[in-house]
Participant: 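Take this structure first; my questions come after.
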Amino acid sequence: MSALLLAIVDYDFSKWERCFISLAPERDLRVWPARIGEPADIRYACAWNAPPGLLASFPSLAAIFSLGAGVDHLAGDPTLPDVPIVRVVDPDLTVRMTEYVVLQVLMHHRRQRRYDIQQRERVWRDIDNQPAATDVKVGIMGLGVLGLRAAQALRHLGFQVAGWSRSPKPLPGIASFSGEGGLDAFLAASEILVCLLPSTPDTQAILNLGLLRKLKRDGALRGAYLINAGRGALQVDADILAALDDGTLAGASLDVFPAEPLAPDSPFWSDQRVIVTPHNAATVTPMALARHVLRQIGRLEAGLPLENVVDRTRGY
Ligand SMILES: NC(=O)c1ccc[n+]([C@@H]2O[C@H](COP(=O)([O-])OP(=O)(O)OC[C@H]3O[C@@H](n4cnc5c(N)ncnc54)[C@H](OP(=O)(O)O)[C@@H]3O)[C@@H](O)[C@H]2O)c1
């Protein structure tokens with residue numbers, strides 16, 4: 001039988017291995033680097049940060065499965081074989097990201113950081129200027145699987161929601177902006193900017209000072225906020241710090257960073273206006289990932305098209 005290889009770097013692969021074994025004990029499962037066996041046996045690879053050149057060494061490879069929704073971890077491999085790359089789209093992952101986005105929007109909207117400080121100081125005081133959600137504008141960069149669901153959840157809470165994507169999206173209740181031409185108007189309609197873009201050559205360092213200065217600061221929240229749960233390569237840390245210093249940003253929630261893990265001496269850790277999380281806004285469970293990969297392999301072997309295949313020219 002065609003072998004499935006787990007090529008997982010930076011994580012203990014054993015939890016994924018256990019899930020694949022329990023769901024498909026008959027499947028010939030190999031693990032890099034310990035148990036590759038005969039390279040020509042390997043037809044499928046489930047990869048995360050695999051070393052460049054590794055996937056090219058399997059001549060029978062028919063599909064690559066990314067361990068995450070993003071596939072930027074594969075982009076640095078110039079020898080990547082020309083086979084379909086499938087990314088993770090999973091309902092549980094989508095719900096988790098929606099939870100993260102709603103939580104962070106509400107943290108800023110409801111001034112929770114300031115109440116945290118007041119609690120530490122045992123201060124019982126209502127902070128003025130709590131606008132209604134219906135008066136607050138939230139902009140979501142990236143209206144894909146994750147961005148769209150988060151946008152809808154925020155809309156249900158009453159926020160005024162806009163989205164920015166490459167192509168226009170006619171969606172009920174969500175203002176759609178697209179492309180370079182729509183970016184400035186989108187930013188001007190965003191007090192809280194949520195970034196759920198993929199990391200591609202077009203989106204590198206997009207969250208820079210110039211862009212942040214175009215956010216709406218005179219809205220109901222009386223300040224602008226950034227929430228980045230896309231990828232660290234999208235943001236310029238020094239620019240975000242400068243934006244916090246000069247009042248361009250009133251606060252931020254950062255789940256991802258250009259260099260991870262975030263360095264212990266990063267000023268983000270101690271900034272009371274910033275919420276730092278360790279790139280865990282939404283992770284797919286090993287069991288859901290194994291089910292998703294086996295379902296796609298089943299489709300391929302039944303002659304059906306793979307789902308959620310990455311468009312290599314777009315990079316996502
Ligand atoms: N922090 C975490 O824990 C975590 C977890 C999962 C995923 N993520 C990140 O979230 C990203 C988004 O996931 P997804 O499943 O929602 O991806 P997706 O379905 O592929 O959606 C990507 C969205 O970004 C838009 N886009 C891409 N390039 C653009 C550009 N140059 N200009 C304007 N819009 C652009 C796309 O526009 P079109 O709709 O017009 O194509 C689409 O709306 C992933 O790539 C990953 O980096 C992070």
Side-chain angles (χ1 to χ4, degrees), residues 10-11 48-49 65-76 85-104 139-154 161-171 174-187 190 193-208 211 226-235 252-258 260-262 275-286 288-289 292 307-316:
D10 296 337
Y11 292 104
W48 186 256
N49 287 340
F65 299 93
S66 168
L67 208 67
V71 294
D72 42 309
H73 61 99
L74 295 165
I85 300 171
V86 178
R87 67 191 199 92
V88 176
V89 174
D90 174 67
D92 176 59
L93 176 94
T94 305
V95 168
R96 286 167 194 250
M97 183 58 87
T98 302
E99 288 171 355
Y100 173 86
V101 172
V102 170
L103 173 67
Q104 300 307 325
I140 314 246
M141 294 183 98
L143 266 190
V145 174
L146 301 179
L148 175 58
R149 190 68 187 77
Q152 289 167 334
L154 291 167
V161 183
W164 184 69
S165 45
R166 263 164 49 122
S167 49
K169 307 254 180 284
L171 296 164
I174 297 167
S176 166
F177 298 85
S178 59
E180 280 297 309
L183 184 55
D184 284 6
F186 162 77
L187 295 169
S190 304
L193 179 68
V194 179
C195 183
L196 282 172
L197 287 169
S199 173
T200 71
D202 291 339
T203 60
Q204 300 303 292
I206 192 167
L207 301 174
N208 55 53
L211 177 140
L226 169 68
I227 297 170
N228 185 17
R231 280 287 185 268
L234 307 177
Q235 83 192 25
S253 299
L254 304 173
D255 183 59
V256 288
F257 297 88
E260 295 177 2
L262 184 62
I275 297 169
V276 170
T277 46
H279 196 150
N280 70 340
T283 46
V284 66
T285 66
L289 186 277
H292 150 83
E307 296 167 317
N308 304 309
V309 174
V310 171
D311 178 337
R312 288 211 192 194
T313 55
R314 292 186 320 188
Y316 66 98

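As the structure lists them, so they are numbered: ligands from 1, and atoms in each ligand from 1.
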Participant: Contact between Leu93 and His292 at the side-chain level, heavy atoms closer than 4.5 Å - yes or no?
Facilitator: no
Participant: Check each atom of ligand 1 against the heavy atoms of Ala229 and keep those under 4.0 Å away; list them by number with element.
Facilitator: 1 (N), 2 (C), 4 (C), 8 (N), 9 (C), 48 (C)
Participant: So which protein heavy atom does atom 26 (N) of ligand 1 come closest to, and at what separation?
Facilitator: Leu197 CD2, 3.6 Å
Participant: Please report which non-hydrogen protein atom sits nearest to atom 4 (C) of ligand 1, along with the residue it belongs to and the distance in Å to one decimal place.
Facilitator: Met97 CE, 3.4 Å
Participant: To check your reading of the model: name the closest protein heavy atom to atom 37 (O) of ligand 1, its residue, and the distance in Å.
Facilitator: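 Result: Arg166 N, 3.2 Å.
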Participant: Could you check whether any side-chain N or O of Ser66 sits under 3.5 Å from a backbone N or O of Gly70, counting only pairs where one atom can act as donor and the other as acceptor?
Facilitator: yes
Participant: Please list, in number order, the atoms of ligand 1 under 4.0 Å from a heavy atom of Arg314.
Facilitator: 41 (O)
Participant: Minimum heavy-atom separation for Arg231 and His279, please, with both atom names.
Facilitator: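 In terms of heavy atoms, the two residues are closest at NH1-NE2, 3.5 Å.
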Participant: Using a 3.5 Å cut-off on N or O atoms only, is Leu93 in polar contact with ligand 1?
Facilitator: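 No, since none of the N or O atoms of Leu93 sits under 3.5 Å from an N or O of ligand 1.
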Participant: Which of the numbered atoms in ligand 1 are under 4.0 angstrom from any heavy atom belonging to Trp164?
Facilitator: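 Under 4.0 Å from Trp164, ligand 1 has these atoms: 32 (N), 33 (C).
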Participant: Give me the atom names and distance for the closest heavy-atom approach of Ile174 to Ala151.
Facilitator: CD1-CB, 3.8 Å
Participant: Which protein heavy atom lies closest to atom 9 (C) of ligand 1, and at what distance to 0.1 Å?
Facilitator: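 Scanning the protein heavy atoms, the shortest distance from atom 9 (C) of ligand 1 goes to Gly230 O, 3.5 Å.
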Participant: For Ile227, is there any backbone N or O sitting under 3.5 Å from a side-chain donor or acceptor partner on Ser253?
Facilitator: no
Participant: Mind checking whether Leu146 contacts ligand 1 via backbone (N, CA, C, O), side chain (CB onward), both or neither, at a 4.0 Å heavy-atom cut-off?
Facilitator: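 Leu146 to ligand 1: contacts from backbone and side chain alike.
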Participant: Given Pro198, Ala69, Ser176, which has its nearest heavy atom closest to atom 22 (C) of ligand 1?
Facilitator: Pro198
Participant: Could you tell me whether Asp202 approaches ligand 1 through its side chain, its backbone, both or neither, with non-hydrogen atoms closer than 4.0 Å?
Facilitator: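 The answer is the side chain of Asp202.
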Participant: Taking the side chain as everything from C-beta on, heavy atoms only, tell me whether Leu193 gets closer than 4.5 Å to Leu211.
Facilitator: yes
Participant: Provide the number and element of each atom of ligand 1 under 4.0 Å from a heavy atom of His279.
Facilitator: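 Answer, ordered by atom number: 1 (N), 2 (C), 3 (O).
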Participant: For Asn280, is there any backbone N or O sitting under 3.5 Å from a side-chain donor or acceptor partner on Thr277?
Facilitator: no
Participant: So do Leu187 and Trp164 actually touch side chain to side chain, heavy atoms under 4.5 Å?
Facilitator: no
Participant: Do the non-hydrogen side-chain atoms of Pro258 and Gln235 ever get within less than 4.5 Å of each other?
Facilitator: yes
Participant: Ignoring hydrogens, what is the shortest heavy-atom contact between Tyr100 and Ala281? Give both atom names and the distance.
Facilitator: CG-CB, 3.6 Å
Participant: To which protein heavy atom is atom 18 (P) of ligand 1 closest, and what is the distance rounded to 0.1 Å?
Facilitator: Arg87 NH2, 3.4 Å
Participant: Do any nitrogen or oxygen atoms of Tyr316 come within less than 3.5 Å of a nitrogen or oxygen of ligand 1?
Facilitator: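 It does: an N or O of Tyr316 is found under 3.5 Å from an N or O of ligand 1.
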Participant: What residue and heavy atom of the protein are closest to atom 5 (C) of ligand 1, and at what distance?
Facilitator: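 That would be Ala282 O, 3.1 Å.
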Participant: Could you tell me which atoms of ligand 1, counted from 1 in the order shown, lie closer than 4.0 angstrom to a heavy atom of Arg231?
Facilitator: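 Close to Arg231: 8 (N), 9 (C), 46 (C), 47 (O), 48 (C).
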Participant: Any side-chain heavy atom of Leu196 within less than 4.5 Å of one from Val101?
Facilitator: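 Yes. Closest side-chain heavy atoms under 4.5 Å.
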Participant: Quick one: does ligand 1 sit under 4.0 Å from the side chain of Met141, the backbone, both or neither, non-hydrogen atoms only?
Facilitator: neither
Participant: Any side-chain heavy atom of Val284 sitting closer than 4.5 Å to one from Asp92?
Facilitator: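 No, every pair of side-chain atoms sits at 4.5 Å or beyond.
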Participant: May I ask you to identify, for Thr203, whether its side chain, its backbone, both or neither come under 4.0 Å of ligand 1 on a heavy-atom basis?
Facilitator: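 Contact part for Thr203 vs ligand 1: side chain (C-beta onward).
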Participant: Do Val145 and Asn308 come within less than 4.5 Å of each other through their side chains, counting heavy atoms only?
Facilitator: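 Result no, sub-4.5 Å side-chain heavy-atom pair not found.
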Participant: Does Tyr11 reach the side chain of Asn49, with side-chain heavy atoms less than 4.5 Å apart?
Facilitator: no
Participant: Just need the protein heavy atom nearest to atom 42 (C) of ligand 1, so name the residue and atom and give the distance.
Facilitator: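 Scanning the protein heavy atoms, the shortest distance from atom 42 (C) of ligand 1 goes to Gly144 N, 3.7 Å.
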Participant: Among all the protein's non-hydrogen atoms, which is closest to atom 1 (N) of ligand 1, and how far away is it?
Facilitator: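 Ranking protein heavy atoms by distance from atom 1 (N) of ligand 1, first comes Asp255 OD2, 2.9 Å.
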Participant: Is there any N or O on Thr200 that sits under 3.5 Å from an N or O of ligand 1?
Facilitator: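 No; the residue has no nitrogen or oxygen that sits under 3.5 Å from a nitrogen or oxygen of the ligand.
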Participant: For the residue pair Trp48 and His73, categorise the inter-ring angle as parallel (less than 30°), tilted (30 to 60°) or perpendicular (more than 60°).
Facilitator: tilted
Participant: When you measure from atom 40 (O) of ligand 1 to each heavy atom in Ala281, Gly232, Ser66, Ser167, which option holds the nearest one?
Facilitator: Ser167
Participant: So, regarding Leu196 and ligand 1 (criterion: nitrogen or oxygen to nitrogen or oxygen, under 3.5 Å), is there a contact or not?
Facilitator: no
Participant: Please confirm whether Thr283 approaches ligand 1 to less than 4.0 Å, judged on its heavy atoms.
Facilitator: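 Thr283 does not count as a contact of ligand 1 under the 4.0 Å cut-off.
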Participant: Numbering the atoms of ligand 1 from 1, which are under 4.0 Å from a heavy atom of Lys169?
Facilitator: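 Checking each atom against Lys169, I get 38 (P), 39 (O), 40 (O).
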